[in-house]
Number of protein chains: 2
Amino acid sequence: MATIYEVSKLAGVSLATVSRVMNNNTNVSDATRKKVTVAMTQLGYRPNSIAQSLASNCSNSVGLLVSELQGPFYGPMMSGIETAFRKQSKHVIIAAGHSDEEREQQAIEFLISRNCDGLILHVEAISDDYLIELSKGKTPFVLINRYIRELASRCIILNNVKGGYLATKHVLEQGHTNIAYISGPLWKQDAQDRLAGHKQALAEHNISFNEQLLYQGDFMEDSGTAGFQHLYNGNSKFTALICANDEMATGAMASARESSLILPEQLSIMGYDNVFFTRHVYPPLSTVNYPINEMGQMAANWILSEVYKKTTPALQTLFEPELVVRQSIITNPQ
Amino acid sequence: MATIYEVSKLAGVSLATVSRVMNNNTNVSDATRKKVTVAMTQLGYRPNSIAQSLASNCSNSVGLLVSELQGPFYGPMMSGIETAFRKQSKHVIIAAGHSDEEREQQAIEFLISRNCDGLILHVEAISDDYLIELSKGKTPFVLINRYIRELASRCIILNNVKGGYLATKHVLEQGHTNIAYISGPLWKQDAQDRLAGHKQALAEHNISFNEQLLYQGDFMEDSGTAGFQHLYNGNSKFTALICANDEMATGAMASARESSLILPEQLSIMGYDNVFFTRHVYPPLSTVNYPINEMGQMAANWILSEVYKKTTPALQTLFEPELVVRQSIITNPQ
DNA sequence: TTGAAAGCGTTACCAG
DNA sequence: CTGGTAACGCTTTCAA
C-alpha cells in the first residue's frame with residue numbers, strides 16, 4: 001500500500017502538501033495540486049484512515065447502540081442512520097444492549113473505547129443519572145426515544161401522549177365503551193405516556209378508567225398473550241383491546257384466536273408503532289405510526305451537525321405520531 | 001486521558017513494559033505487573049485503540065455488508081455476528097448494499113478503506129469475478145448465502161436444493177397434485193436451487209412440471225402478489241402455491257384473499273426462510289427454516305479463526321434447512 | 001503557496 | 001525480565 005510519503009516523492013512535493021490536497025485545503029496552487037493527484041492515482045494511493053484518525057484525533061466513526069439488532073423496530077432506525085452517515089463517509093459501529101442495564105453500560109464503554117466521535121443511543125435500562133454523568137464526558141451523544149429534562153436538546157422523541165390519545169380516540173369513535181388496555185412496563189416513560197394519552201381520550205369521552213381493564217405488559221409478544229388471557233378471564237367485559245405496541249397486539253391476537261374469538265368481529269384490537277409486519281397479520285392491524293426511520297436520520301443529523309460541524313437540515317427533536325387505520329377495529333354493534 | 005507514558009512514569013517502568021502487561025505478555029514479573037496495573041487503575045487509564053491499531057497494523061474491526069439493515073432476514077444474521085464479535089472485543093462496522101452492484105462495490109471499498117481486518121459479505125448483485133479478484137487482495141472475507149467454486153472454503157451456504165425439495169415434498173404428501181410455484185429471480189443461484197429441489201420432489205412423485213404454473217418473482221412481497229394474480233388468471237388450476245421465500249408468500253396470501261379465496265381451505269400456501277413474522281400471518285405459514293442466525297455466527301467464527309487466529313468451534317460451511325409445519329397447508333380434499 | 005519537523009499513543013524489535 | 005527506540009502514516013503548527 002502506497003503511503004503519503006511515496007506520493008510526495010513521486011510528485012516532488014512535501015508530505016504537508018500532499019496532506020493539503022487530500023483535505024481540500026485551498027492554499028495549494030492548481031499546478032501542484034495536479035501533480036499530486038496524478039501521483040496519487042498513479043500509485044493507487046488510499047489514505048490510511050487509522051493514521052488519519054490518530055493524527056487528527058477524529059475517528060470518523062459513530063457508535064450506535066440499540067436494544068436488538070433484530071426485531072422490526074430497529075431495522076428502519078439503523079437504516080436511516082447508516083444511510084445518512086455513509087453519504088458523509090462516516091462509519092457506524094453497532095452494538096446491542098438487550099435492554100439490560102449492565103450490557104447497555106458495557107456497550108457504551110465499548111463504543112467509547114473505540115474512539116467513536118459521537119454516539120447514538122437507544123437505551124432502556126440505563127439510569128438517567130448515568131446518562132447525565134456521561135454527558136459530562138467528552139463523547140457527545142443523542143438519545144432516541146428517551147427524554148431526560150437535563151439533556152432535553154439531545155433527546156429525539158415521539159409525542160407518545162398524543163399517540164396514545166389518537167389510538168384510543170379512534171376506538172372510541174367506533175362506538176366502543178368497554179376498552180381494555182395492555183400497557184408497556186410502567187417504569188418506562190414511553191409506556192406511561194401512551195397510557196396517559198389513553199386516559200385522556202377516555203376522559204374526553206366521559207368514560208371512566210377501569211383499573212380492571214388494565215394489564216401491565218413488557219412490550220414483548222408474550223406479555224400480549226398473557227395480558228389477553230388475564231383480561232379475558234377477568235370480570236370486566238370489553239369489546240376492544242388497545243395494546244401499547246404492535247408486538248403485544250400480535251400476541252394478544254394469537255391468544256384471542258386461541259380462545260375462539262373471531263377477529264375483528266368479536267374483538268377489536270389496536271396496536272402502536274406501525275412496525276412493518278402489522279399489515280401482514282390478519283386482520284391487518286390498525287396502529288399508530290412511529291416515524292422511527294426519520295427519527296434515526298434526525299439523530300444522524302444531530303451528530304453531523306454537533307460533532308462534525310456539518311450543515312444539515314434544521315434539527316428537530318419532537319416527532320408526531322399518526323393514526324393508521326386498517327381492519328382490526330370494527331364499529332361496535334352495541 | 002491518561003496515556004501509556006504517564007502510566008509508565010507513575011509505575012516507574014518503561015513504556016515497553018506497560019505495553020507488555022496490557023497485552024498479557026508473559027515475560028513480566030509479577031511484581032512489576034502489579035505496579036503497572038495499580039498505576040493504570042489509579043489513572044483510569046484506557047488504551048487508545050486507534051494508536052494500537054496503527055502500531056499493530058490490526059484494527060480489530062470487521063466489516064459487515066448486508067443488503068438491507070431492515071427486513072426480517074438480516075436482523076438475526078447481524079445479531080449472531082455482533083454477539084460473537086463483541087465477546088472478543090472486535091467491533092463490527094455495518095454497511096448496506098441494497099442489492100445493487102455499484103452500491104455493493106462502494107460499500108466494500110468503504111469497508112476496506114476503514115482498515116477492516118476482515119469482511120463478512122452478503123452480496124447479491126456483485127459478480128463472481130469481482131469477488132474472485134477481491135480474494136487476491138489483502139483483506140480476507142467470507143461470503144454468506146453465495147457459492148463460488150473458486151472460493152468454496154469461504155462460502156457459508158444453505159442446502160437450498162434440499163430446502164426446495166422438502167417444501168414441495170410436504171405439499172405433495174398432503175395430496176396436492178396441482179402445485180403452482182413462484183420462484184426467486186432465476187439468475188440467482190439460491191432461486192435456481194430452490195426450484196431445482198421443487199422439480200426433484202415433483203419428479204419423485206411422478207408429477208410432471210408444468211411451466212404454466214411457474215412464475216418468476218424477485219423475492220419481494222409485491223412480486224408475490226403479482227405472481228398470484230398471474231397464476232390465478234392463467235389456464236392451469238392449482239390447489240397449492242409454493243413461494244421461494246416468505247415475503248412473496250405473504251404478498252400472495254394478501255392477493256389471494258383479495259380474490260376472495262378462503263385460506264387455507266381454498267388454497268394452501270408454503271413459504272421459505274422461516275422469517276419471524278411467518279407465525280403471525282394468518283393462517284400461520286408453513287415454511288422452511290433458514291438458520292441464518294447460526295450461519296451468521298459461523299461467519300464470525302470463520303473470521304475469528306482465519307483472521308485473528310482464535311480457536312473456535314469447528315468451522316462449518318454447509319447448513320441444512322428444515323421443514324416447519326404450521327397451518328397454511330391443508331390436505332387436499334381431492 | 002510550500003516545506004520541515006514535531007507530534008498522535010501505541011507496538012515491536014534489539015540490547016542488555 | 002526490562003528498557004531504549006524506531007516505526008506506524010498521517011495532521012498540523014511554524015517558518016520561510
Side-chain angles (χ1 to χ4, degrees), chain A residues 1-37 39-40 43-61 89 112-117 138-139 308-309, chain B residues 1-40 43-61 89 91 112-117 138-139 308-309:
Chain A
M1 206 65 228
T3 72
I4 198 177
Y5 176 72
E6 305 173 40
V7 175
S8 75
K9 236 175 31 184
L10 182 58
V13 299
S14 74
L15 294 186
T17 303
V18 178
S19 177
R20 284 192 192 97
V21 344
M22 282 176 46
N23 299 296
N24 279 316
N25 190 311
T26 41
N27 293 351
V28 180
S29 73
D30 281 358
T32 46
R33 179 186 303 280
K34 182 108 184 191
K35 277 193 298 186
V36 172
T37 48
M40 293 210 281
L43 291 169
Y45 170 74
R46 304 221 158 270
N48 178 327
S49 62
I50 299 281
Q52 287 180 317
S53 299
L54 184 61
S56 66
N57 194 28
C58 165
S59 67
N60 283 310
S61 71
S89 282
I112 291 180
S113 81
R114 286 320 190 159
N115 292 72
C116 291
D117 298 326
K138 73 177 232 292
T139 309
Y308 297 112
K309 309 302 176 196
Chain B
M1 205 66 227
T3 72
I4 198 177
Y5 176 71
E6 305 174 39
V7 175
S8 78
K9 236 177 25 187
L10 182 59
V13 299
S14 73
L15 292 186
T17 303
V18 178
S19 177
R20 283 191 194 98
V21 345
M22 284 178 42
N23 298 297
N24 279 316
N25 191 313
T26 42
N27 293 351
V28 181
S29 73
D30 282 357
T32 44
R33 178 185 304 279
K34 183 106 183 195
K35 279 193 296 186
V36 172
T37 48
V38 167
M40 293 211 280
L43 291 169
Y45 170 75
R46 304 223 157 268
N48 179 326
S49 62
I50 299 281
Q52 287 180 317
S53 298
L54 183 60
S56 66
N57 194 27
C58 166
S59 67
N60 284 310
S61 71
S89 282
H91 65 243
I112 290 180
S113 81
R114 288 318 190 159
N115 292 72
C116 291
D117 298 327
K138 75 175 232 291
T139 308
Y308 296 113
K309 308 303 176 194

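Letters A, B, ... are given to chains in the order of the sequence lines, protein chains preceding strands, and every chain is numbered from 1. Scope of the values below: all heavy atoms of this structure, side chains included, with no hydrogens, waters or symmetry mates. Keep in mind that what you see is a predicted model, and the values were worked out from it rather than measured.
Screening B:Val36, B:Val21, B:Val28 against B:Val13 for a side-chain contact (heavy atoms from CB on, under 4.5 Å) leaves a single residue, B:Val36. Between B:Asp117 and the options B:Ser53, B:Ser59, B:Ser61, a side-chain hydrogen bond (donor to acceptor under 3.5 Å, both in side chains) holds for only B:Ser59.
Considering only residues two or more places apart in sequence or on other chains, B:Ser49 meets the side chain to side chain donor-acceptor pair (under 3.5 Å) condition with A:Asn115.
Closest approach of A:Ala2 to A:Tyr45, counting heavy atoms only: O-CD1, 3.4 Å.
The distance from atom CZ of A:Arg114 to atom C1' of C:dT10 is 14 Å, rounded to the nearest whole Å. In this structure, A:Asn27 places its CG atom 10 Å from C1' of C:dT2, rounding to the nearest Å. B:Ile50 places its CD1 atom 13 Å from the P atom of C:dT11, with the value rounded to the nearest Å.
Distance check, rounded to the nearest 0.5 Å: CE of A:Met22 to CD1 of A:Ile4 gives 5.5 Å. Annotation: the span from B:Leu10 atom CG to B:Met40 atom CE amounts to 11.5 Å, rounded to 0.5 Å.
Looking at heavy-atom distances under 4.0 Å, B:Thr32 makes contact with sugar-phosphate atoms alone, never a base.
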Practice task
Report the C-alpha separation of A:Val18 and A:Tyr5 in whole Å, then their side-chain angles, then the decisive distance to 0.1 Å, and conclude whether the side chain to side chain contact (heavy atoms under 4.5 Å, CB included) test is met.
Solution key: CA-CA 9 Å; A:Val18 178; A:Tyr5 176 72; over 6 Å; no

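With axes fitted over five pairs at each extremity, the angle between the ends of the helix from C:dT1-D:dA16 to C:dG16-D:dC1 is 30° (10° resolution).
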Problem - B/S/- contact track for nucleotides 10-16 of chain D, protein heavy atom under 4.0 Å - result: BBBB---

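Taking 4.0 angstrom as the limit, A:Thr17 places none of its side-chain polar atoms (N or O) nearer than this to OP1 or OP2 of C:dT1. Contact annotation: B:Asn57 does not reach the phosphate of D:dC8 (side-chain N/O to OP1 or OP2, under 4.0 Å).
Around CG of B:Asn57, the count of heavy atoms belonging to other residues, nucleotides or ligands within 6.0 Å does not exceed 12.
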